[in-house]
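Taking it in order: structure first as structure tokens, then the write-up.
In what follows, chains are A, B, ... by sequence order, proteins preceding strands, each numbered from 1. Not measured: the values here are computed from a predicted model.
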There are 2 protein chains.
Amino acid sequence: MNLHNFLNSIIPFPPEQLQIIRNAFEKETFSKGHRLINVGETCKKLYYLETGLARSYYSNDKGKEITVWFFNDNNFLVGMDSFFNQQPSIYATELLEDCTLYAISYEKLHDLFDQYHLMERFGRVLITQIMGAMVDRLSAIQFQTAQERYDFMLKTYPKIVYRAPLGTIASYLGITQETLSRIRSKH
Amino acid sequence: MNLHNFLNSIIPFPPEQLQIIRNAFEKETFSKGHRLINVGETCKKLYYLETGLARSYYSNDKGKEITVWFFNDNNFLVGMDSFFNQQPSIYATELLEDCTLYAISYEKLHDLFDQYHLMERFGRVLITQIMGAMVDRLSAIQFQTAQERYDFMLKTYPKIVYRAPLGTIASYLGITQETLSRIRSKH
DNA sequence: CTCTCTTTTTGATTTATGTCAAAAGATTAT
DNA sequence: ATAATCTTTTGACATAAATCAAAAAGAGAG
């Protein structure tokens with residue numbers, strides 16, 4: 001789904017408004033491994049991820065990388081802990097595949113919020129959706145065994161499971177990669 | 001902090017608007033143990049919790065109650081998985097103390113969203129805040145020991161730690177109450 | 001195609017935390 | 001007050017998953 005249709009699927013904007021909003025985004029392409037947001041930087045843009053896959057992660061005190069969030073294609077990508085409050089990020093965000101993105105700056109986005117009531121609604125509905133996904137994930141991670149968490153992941157993000165490296169998924173699920181490997185090997 | 005000031009602290013509304021919005025809420029008081037939302041019901045109201053404490057929880061397959069969310073005073077309270085998308089709740093929400101609440105119906109709230117651009121912004125900012133808290137909680141629960149999770153809880157919700165029952169807190173942290181009891185006993 | 005580097009798998013062992021059970025301590029109701 | 005109920009603590013034991021280590025498989029570079 002392209003950006004135009006994605007925007008419209010969340011809020012049915014009047015055509016002229018949709019055009020203006022759509023054109024506020026600029027296309028960017030990066031290749032696999034590119035770091036979109038570094039630790040300590042403030043995330044200045046909201047991205048629409050048209051194709052590709054990305055993740056946010058941090059390194060814990062033992063130097064191990066913990067994946068905090070995956071970003072699927074046909075969805076927005078943003079420094080979850082940084083963009084909305086414009087504070088320095090504690091997570092890095094990197095591309096797991098070559099990606100095509102459409103970016104809008106924080107300032108431009110807020111200009112649109114000021115200008116269009118419907119755009120403000122768009123922001124509200126979008127964050128509500130993101131929150132819904134978080135509620136699901138929280139309850140999955142909170143009181144389930146490694147096996148159950150993996151099943152949840154398979155059900156919820158089947159695409160990611162087969163595209164992201166095993167260690168990356170393991171840390172996202174809060175288990176070690178050895179454990180995940182063992183879960184997989186017994187089907 | 002009363003509702004009037006709370007609203008104004010998030011978005012500085014023009015006085016007349018603030019008055020109208022404030023008056024759309026109706027005061028309700030319930031005593032400890034009251035079930036505000038039952039499993040299977042759709043949460044029809046957004047509440048401002050002026051005084052008291054509440055939690056959302058569900059019973060897992062072994063019949064154990066898992067606390068999913070606490071609601072502190074001077075904050076909104078809502079069926080997180082139900083209100084925003086108006087779907088039947090999989091969690092129950094009950095009061096852990098006698099509570100004073102101010103309620104607004106989903107319909108009335110959306111009327112205000114339609115009517116006032118600033119109200120729409122209020123909704124967006126509010127959910128952004130809730131999401132921020134969730135991001136923090138997710139990273140706390142994801143890859144930390146029982147001890148570390150408890151320390152996080154102490155730091156983030158000191159009030160709740162000393163007011164909510166131990167078993168309730170334990171399930172919120174994704175550990176058993178025996179483990180939490182042992183963590184506490186060694187200071 | 002071969003070598004190097006990275007990722008995944010497999011094995012042996014340890015450890016944190018869960019489970020079960022019962023006692024001690026609080027709270028609430030009669 | 002006293003009984004009844006609910007909550008927290010303590011103990012013994014079981015277990016899922018972590019850790020450490022090394023082999024196997026896969027991917028990328030020359």
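Rounded to whole Å, the distance from CG on B/Leu173 to P on C/dA16 is 18 Å. The CD atom of B/Gln177 sits 14 Å away from the C1' atom of C/dA26 (whole-angstrom rounding). The CD atom of A/Glu148 sits 14 Å away from the C1' atom of C/dG18 (whole-angstrom rounding). At whole-Å resolution of the value, CZ in A/Arg184 and P in C/dT10 are 12 Å apart.
A distance below 6.0 Å separates the ring centres of B/Phe76 and B/Phe6. Within the 6.0 Å centre-distance limit, the rings of A/Phe70 and A/Tyr172 are counted as a close aromatic pair.
No donor-acceptor contact under 3.5 angstrom links the side chains of A/Thr42 and A/Ser82, judged on distance only. The closest side-chain donor-acceptor pair between A/Asp111 and A/Gln115, if any, does not fall under 3.5 angstrom. A donor-acceptor contact closer than 3.5 angstrom is absent between the side chains of A/His34 and A/Glu94.
B/Asp136 has no carboxylate O lying under 4.0 Å from a charged side-chain N of B/Lys155, or vice versa, which leaves the two without a salt bridge.
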Next on the checklist: At under 4.0 Å between heavy atoms, how does the protein contact nucleotides 12-30 of chain D? Give one character per nucleotide, 5' to 3', with B, S or -.
Outcome noted: B----SSBB----------
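Counting non-hydrogen atoms of neighbouring residues, nucleotides and ligands closer than 6.0 angstrom, the CD atom of A/Glu26 reaches no more than 12 such neighbours.
Near DNA chain D, meaning a heavy atom under 4.0 Å from it, residues 159-168 of chain B has B/Pro165, B/Leu166, B/Gly167 in order of number.
End-to-end axis angle for the helix from C/dC1-D/dG30 to C/dT30-D/dA1, using five pairs per end and rounding to 10°, comes out at 50°.
Judged as a salt bridge (charged side-chain N to carboxylate O under 4.0 Å, His left out), the pairs with a partner in residues 38-53 of chain A (not counting sequence neighbours) are, in order, A/Glu28-A/Lys45. Within the structure, every pair that satisfies the salt bridge (charged side-chain N to carboxylate O under 4.0 Å, His left out) test and touches residues 158-172 of chain B, not counting sequence neighbours, is listed here: B/Asp73-B/Lys159, B/Glu97-B/Arg163.
The ring-ring contact (aromatic ring centres under 6.0 Å, His included) check on B/Tyr106 picks up B/Phe83, B/His110, with sequence neighbours excluded.
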